[in-house]
Amino acid sequence: MAFIDILLKIFKDPNVRKINKIMPVVDRINALEEEYSKLSDEQLKAKTAEFREILSKRPTSKDSKQDRILEKQALDDILPDAFATVREAGKRVLNLRHFDVQLIGGIFLHEGHIAEMRTGEGKTLVATLPAYLNALTGKGVHVVTVNDYLAKRDRDWMGRIYEFLGLSVGVILSSGEYNSYENKKEAYKCDITYGTNNEFGFDYLRDNMASDINSLVQRPYNYAIIDEVDSILIDEARTPLIISGRLEKSAQTYQLMAKIAPLLEKDKHYEVDEKNKNIILTEEG
């Protein structure tokens, strides 16, 4: 027996331990299936408002990090019921039922982990579980895909589950009507927004070049699910997103900055990187 096999026999596969840890949650979701199957369509749809009411009454904190922890705890509390709701909606709207392996994948995605699943195990359906749960906060969810075809397909296909449950769904594409400013503004306001990694990235860059706050299309970031995560975060990340804008009145800008520069204080308004000969403005600067 190989040394690694001996270690696995003694300590067990870490992935198996993780799965065993969340199986009680899967059992709770399964235990709710019969109850939720007896609900009418209207009763099932009403669950969304019920979950949002629960989240609105959760404890809050002025510290953003602590508040995020409290929000996560509140989402964890309603996770079994929310997943059971999505499973039942999937059966009624798409005639697709989430199996245990998909529930496991959904829990791992909600926890912020990578869920590796084989072809045919229904990754697209898995994403509906954590997407719905995290969209209940009203802060928005991004589902990032590798190309326009998948973004639109998944929005039109899985979007039927979300819309059945009362959530809004949008999509941003790199061309056509979906690439217009008006569509993007509306798409980013939706509870769940589908799009490609490139388009999300370019919209971020465009927002950082905007001269007016009303010209921004994205809102503060909350939660994202990335399809083909190895491709997007490793392969695609090797190609930088480059964007440029027109240079206007550059001479006047230099003259203005020449007057402002002497007023700035080192360490307070800017920091100096001696090694690379760079100057970086602080937030106050």
Side-chain angles (χ1 to χ4, degrees), residues 61-72 109 111-114 134 137 139-148 151 170-175 178-185 187-189 193-285:
S61 172
K62 293 182 179 179
D63 180 78
S64 59
K65 186 176 181 180
Q66 180 62 26
D67 190 64
R68 182 60 183 167
I69 293 173
L70 293 172
E71 182 179 78
K72 173 68 167 51
L109 288 177
E111 294 290 339
H113 300 305
I114 294 174
N134 285 273
T137 63
K139 297 178 181 179
V141 167
H142 292 169
V143 182
V144 188
T145 62
V146 293
N147 57 53
D148 282 351
V171 62
I172 55 166
L173 304 178
S174 59
S175 60
Y178 296 102
N179 193 38
S180 67
Y181 167 80
E182 292 75 17
N183 175 77
K184 286 188 174 183
K185 190 84 170 176
Y188 281 116
K189 287 181 182 178
T193 307
Y194 283 85
T196 65
N197 55 304
N198 280 346
E199 211 53 36
F200 281 123
F202 277 124
D203 284 340
Y204 169 81
L205 295 177
R206 292 185 192 105
D207 276 3
N208 277 272
M209 294 174 64
S211 56
D212 189 316
I213 194 169
N214 294 318
S215 300
L216 305 180
V217 293
Q218 294 185 339
R219 53 173 167 161
Y221 308 111
N222 174 49
Y223 177 84
I225 297 173
I226 303 177
D227 188 19
E228 303 291 347
V229 67
D230 53 342
S231 173
I232 289 177
L233 294 188
I234 299 176
D235 300 333
E236 293 286 330
R238 294 173 183 171
T239 305
L241 300 180
I242 301 173
I243 193 168
S244 62
R246 292 184 302 168
L247 295 176
E248 298 179 357
K249 301 180 181 177
S250 58
Q252 289 91 328
T253 302
Y254 283 123
Q255 292 171 5
L256 177 61
M257 292 307 298
K259 295 178 182 178
I260 293 176
L263 303 177
L264 303 179
E265 299 178 24
K266 184 178 179 181
D267 296 329
K268 181 180 180 182
H269 297 122
Y270 65 89
E271 298 172 352
V272 179
D273 181 354
E274 300 283 357
K275 182 179 179 181
N276 297 310
K277 298 181 179 180
N278 287 328
I279 293 178
I280 303 98
L281 287 173
T282 63
E283 284 294 325
E284 188 172 349

| Are Val143 and Asp227 close enough, and set up right, to give a side chain to side chain contact (heavy atoms under 4.5 Å, CB included), and what steps lead you there? | CA-CA 8 Å; Val143 182; Asp227 188 19; 5.9 Å; no

Compare all side-chain heavy atoms of [X] with those of [Y] and state whether any distance is below 4.5 angstrom.
{"X": "Leu109", "Y": "Tyr223", "answer": "yes"}
{"X": "Glu71", "Y": "Thr137", "answer": "yes"}
{"X": "Asn179", "Y": "Glu199", "answer": "yes"}
{"X": "Lys268", "Y": "Thr282", "answer": "no"}
{"X": "Glu236", "Y": "Val146", "answer": "no"}
{"X": "Val217", "Y": "Asp207", "answer": "yes"}
{"X": "Arg219", "Y": "Lys185", "answer": "no"}

| task | Check the angle between the aromatic planes of Phe200 and His142 and answer parallel, tilted or perpendicular using the 30° and 60° thresholds. | result |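 The rings of Phe200 and His142 lie parallel, inter-plane angle below 30°.
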
Once rounded to the nearest 0.5 Å, what's the spacing between atom [atom1] of [X] and atom [atom2] of [Y]?
{"X": "Leu281", "Y": "His269", "atom1": "CG", "atom2": "NE2", "result": "9.5 Å"}
{"X": "Asn183", "Y": "Leu173", "atom1": "CG", "atom2": "CG", "result": "8.0 Å"}
{"X": "Leu233", "Y": "Ile114", "atom1": "CG", "atom2": "CD1", "result": "7.5 Å"}
{"X": "Glu228", "Y": "Asn197", "atom1": "CD", "atom2": "CG", "result": "11.0 Å"}
{"X": "Glu265", "Y": "Tyr270", "atom1": "CD", "atom2": "OH", "result": "9.0 Å"}
{"X": "Tyr188", "Y": "Asp203", "atom1": "OH", "atom2": "CG", "result": "3.5 Å"}

| message | So for atom OH, which belongs to Tyr204, do other residues, nucleotides or ligands contribute more than 12 heavy atoms lying within a distance under 6.0 Å? | response |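 Count not over threshold, so no.
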
| request: For atom CD1 of Ile260, decide whether the heavy atoms of other residues, nucleotides or ligands shown that lie under 6.0 angstrom number more than 12. | output: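 Yes, because the 6.0 Å sphere around CD1 of Ile260 holds more than 12 heavy atoms from other groups.
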
Which heavy atom of [X] sits nearest a heavy atom of [Y], and at what distance?
{"X": "Ser174", "Y": "Asp148", "result": "OG-OD2, 2.5 Å"}
{"X": "Ala210", "Y": "Leu216", "result": "CB-CD2, 3.8 Å"}
{"X": "Thr193", "Y": "Ala187", "result": "OG1-O, 2.6 Å"}

Side chain of [X], backbone of [Y]: donor and acceptor closer than 3.5 Å?
{"X": "Lys259", "Y": "Tyr254", "result": "no"}
{"X": "Asp67", "Y": "Ser61", "result": "yes"}
{"X": "Asn134", "Y": "Val141", "result": "no"}

| Between Asn222 and Arg68, does a side chain to side chain contact (heavy atoms under 4.5 Å, CB included) hold up when you go through it step by step? | CA-CA 10 Å; Asn222 174 49; Arg68 182 60 183 167; 3.2 Å; yes

| Thr145 pairs by side-chain contact (heavy atoms from CB on, under 4.5 Å) with which of Val171, Thr196, Ile232, Ile226? |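 By the side-chain contact (heavy atoms from CB on, under 4.5 Å) criterion, Thr145 pairs with just one of Val171, Thr196, Ile232, Ile226: Thr196.
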
